[in-house]
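For reference, the structure is listed below as structure tokens.
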Amino acid sequence: DMLWKTKECQKLGTKLMHIYSDEWEYKRFICKSMIKNRLGLCEKVWARKCVIKEINKKDFDLFINASHISGSVNSSVRLGLFYKDELVSAMGFRKPRQKKWSGYYEISRFATKLNTVVVGGLGKFIKYFNKKFDFSIMTYADRRFGEGLGYGKVGFKYYGETGIDYWYSDGRQRYDRFIVKTEKGKCEREKAAELGLYKVWGCGSNIWVLI
């Protein structure tokens, strides 16, 4: 499975990235940017030369949808880094869904302009958030793309990992697992089969926290 492949590559010192076919078909420009980033081929911008501002939902959604593989989500705190008045990176925060994280804010999205890396951007976002909001922070790092080690470099601690996640697919596109709503007398598997959908597994996520 995908997680097994990821772990086996780690043993060999190889960084493996998993991209689904629908991502390559519909978000190829984002996938290519992610590959370039890992190869060290992106243009560099230094965070110390950027101005940080809180941004509105419209600007945040437009930027995240254009640069994050998973698209935008509702975020109650939205921050942007501007270089020469251009938005080059954005980070969103929200209250976590799980009650166990009720004393935290979750990093909901973190993305950078395509084909660009903002050196020190993560640290600058975290420093600003801590100074203004003074909340503990947690986040999930999707293991399809990496282990989230950058969070460790700015003070986060590794907390553990989630279970393996999954989506449903019709063979062309993936759908959130919540699309399959069980009915009386039908389990999730039976309902999915009725809809012509099958499970597509992921790698789960690493959990990082900053107290």
Side-chain angles (χ1 to χ4, degrees), residues 1-20 23 27 30-31 33-40 42 47 60 63-65 67-79 81 89-98 100-114 116-130 135-167 174 176-177 200-211:
D1 59 40
M2 290 172 60
L3 182 56
W4 177 83
K5 291 178 183 178
T6 296
K7 291 180 177 179
E8 289 300 303
C9 285
Q10 282 180 334
K11 295 176 183 177
L12 300 174
T14 301
K15 295 180 180 179
L16 179 63
M17 184 170 69
H18 303 272
I19 296 174
Y20 291 115
E23 292 171 330
K27 299 184 178 182
I30 298 179
C31 295
S33 177
M34 294 169 70
I35 293 170
K36 286 180 67 176
N37 191 332
R38 282 153 180 75
L39 294 175
C42 287
F60 179 81
F63 185 85
I64 296 297
N65 284 329
S67 55
H68 196 288
I69 195 71
S70 299
S72 190
V73 293
N74 286 329
S75 304
S76 55
V77 178
R78 300 171 295 271
L79 306 177
L81 280 177
S89 187
M91 179 175 284
F93 297 83
R94 66 182 178 187
K95 295 299 293 182
R97 296 174 180 175
Q98 293 184 316
K100 66 181 290 185
W101 300 112
S102 60
Y104 289 73
Y105 261 84
E106 174 192 347
I107 297 176
S108 55
R109 287 291 184 266
F110 174 38
T112 300
K113 176 186 172 184
L114 296 185
T116 305
V117 57
V118 180
V119 181
L122 174 59
K124 189 158 186 169
F125 276 130
I126 298 304
K127 184 177 180 180
Y128 179 94
F129 183 89
N130 277 337
F135 262 87
S136 297
I137 307 171
M138 60 83 61
T139 192
Y140 299 97
D142 191 336
R143 300 185 73 183
R144 286 203 294 133
F145 307 118
E147 300 298 313
L149 301 180
Y151 291 108
K153 294 179 181 179
V154 296
F156 282 71
K157 302 298 182 184
Y158 173 74
Y159 180 86
E161 59 185 63
T162 67
I164 296 177
D165 49 350
Y166 66 90
W167 294 261
R174 287 173 304 123
D176 192 287
R177 66 182 187 273
V200 178
W201 299 95
C203 293
S205 298
N206 283 337
I207 304 171
W208 294 86
V209 298
L210 180 65
I211 300 175

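Reckoned from all heavy atoms, side chains included, excluding hydrogens, waters and symmetry mates. Quick note: residue numbers are just sequence positions, from 1.
- Listed by chain and number, the residues in a side-chain contact (heavy atoms from CB on, under 4.5 Å) with D176 are F178 (sequence neighbours excluded).
- Among all heavy-atom pairs drawn from C203 and L3, the shortest one is O-CD1, 3.6 Å.
- With values rounded to the nearest 0.5 angstrom, W4 atom CH2 is found 8.5 Å from C9 atom SG.
- Proximity of a side-chain donor or acceptor of T139 to a complementary backbone N or O of E106 within less than 3.5 Å is not detected.
- Ion pairing between a basic and an acidic side chain is recognised when a charged N comes within 4.0 Å of a carboxylate O; E8 and K5 show no such pairing.
- Taken to the nearest 0.5 Å, the CD1 atom of I69 stands 11.5 Å off from the OH atom of Y20.
- The shortest distance between side-chain heavy atoms of M17 and R38 falls below 4.5 Å.
- Using a 4.5 Å heavy-atom cutoff, the side chains of T162 and I207 are in contact.
- When all heavy atoms are compared, the tightest approach of S205 to Y140 is CB-CB, 3.9 Å.
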Donor-acceptor pairs under 3.5 Å, side chain of residues 142-152 to any protein atom, not counting sequence neighbours: which ones?
unit_1: D142; atom_1: OD1; unit_2: R144; atom_2: N; d: 2.9
unit_1: R143; atom_1: NE; unit_2: E147; atom_2: OE1; d: 3.1
unit_1: R143; atom_1: NE; unit_2: E147; atom_2: OE2; d: 3.4
unit_1: R143; atom_1: NH1; unit_2: E161; atom_2: OE1; d: 3.2
unit_1: R143; atom_1: NH2; unit_2: E147; atom_2: OE1; d: 3.3
unit_1: R144; atom_1: NH1; unit_2: H18; atom_2: O; d: 3.1
unit_1: R144; atom_1: NH1; unit_2: E23; atom_2: OE1; d: 3.0
unit_1: R144; atom_1: NH2; unit_2: E23; atom_2: OE2; d: 2.8
unit_1: E147; atom_1: OE1; unit_2: N206; atom_2: ND2; d: 2.6
unit_1: E147; atom_1: OE2; unit_2: Q10; atom_2: NE2; d: 2.7

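- Residues W208 and Y158 place their aromatic rings such that the two centres sit under 6.0 Å apart.
- The distance between the ring centers of Y105 and F129 falls below 6.0 angstrom.
- Counting heavy atoms from C-beta on, the side chains of W201 and D1 never come closer than 4.5 Å.
- With hydrogens and angles disregarded, no donor-acceptor distance shorter than 3.5 Å links the side chain of S89 to the backbone of L81.
- Summarising the geometry, atom SG belonging to C31 is positioned 14.0 Å from atom NZ belonging to K36; distances are rounded to the nearest 0.5 Å.
- C42 approaches S33 most closely through the heavy-atom pair SG-O, 3.9 Å.
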### Message
One pair to check against side chain to side chain contact (heavy atoms under 4.5 Å, CB included): V73 and R109. What are the steps and the verdict?
### Response
CA-CA 7 Å; V73 293; R109 287 291 184 266; 3.3 Å; yes
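- Side-chain atoms of K95 come within 3.5 Å of backbone atoms of Y104 as a donor-acceptor pair (strictly under, hydrogens ignored).
- Heavy atoms of other residues, nucleotides or ligands lying less than 6.0 angstrom from OH of Y159 number 12 at most.
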### Task
Begin with the C-alpha distance, continue with both residues' side-chain angles, and end with the deciding distance and a verdict on side chain to side chain contact (heavy atoms under 4.5 Å, CB included) for F93 and I137.
CA-CA 9 Å; F93 297 83; I137 307 171; 4.3 Å; yes
### Task
Check step by step if side chain to side chain contact (heavy atoms under 4.5 Å, CB included) holds for I107 and F156.
CA-CA 12 Å; I107 297 176; F156 282 71; 4.1 Å; yes
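- The line from CZ of F63 to CG of L114 is 7.5 Å long, rounded to the nearest 0.5 Å.
- For the atom pair H68 NE2 and M34 CE, the distance stands at 8.0 Å (nearest 0.5 Å).
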### Query
When you look at L122 and M91, which way does the side chain to side chain contact (heavy atoms under 4.5 Å, CB included) test go after all the steps?
CA-CA 9 Å; L122 174 59; M91 179 175 284; 3.5 Å; yes
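- Atoms CG and OG, on N130 and S136 in that order, are 8.5 Å from each other to the nearest 0.5 Å.
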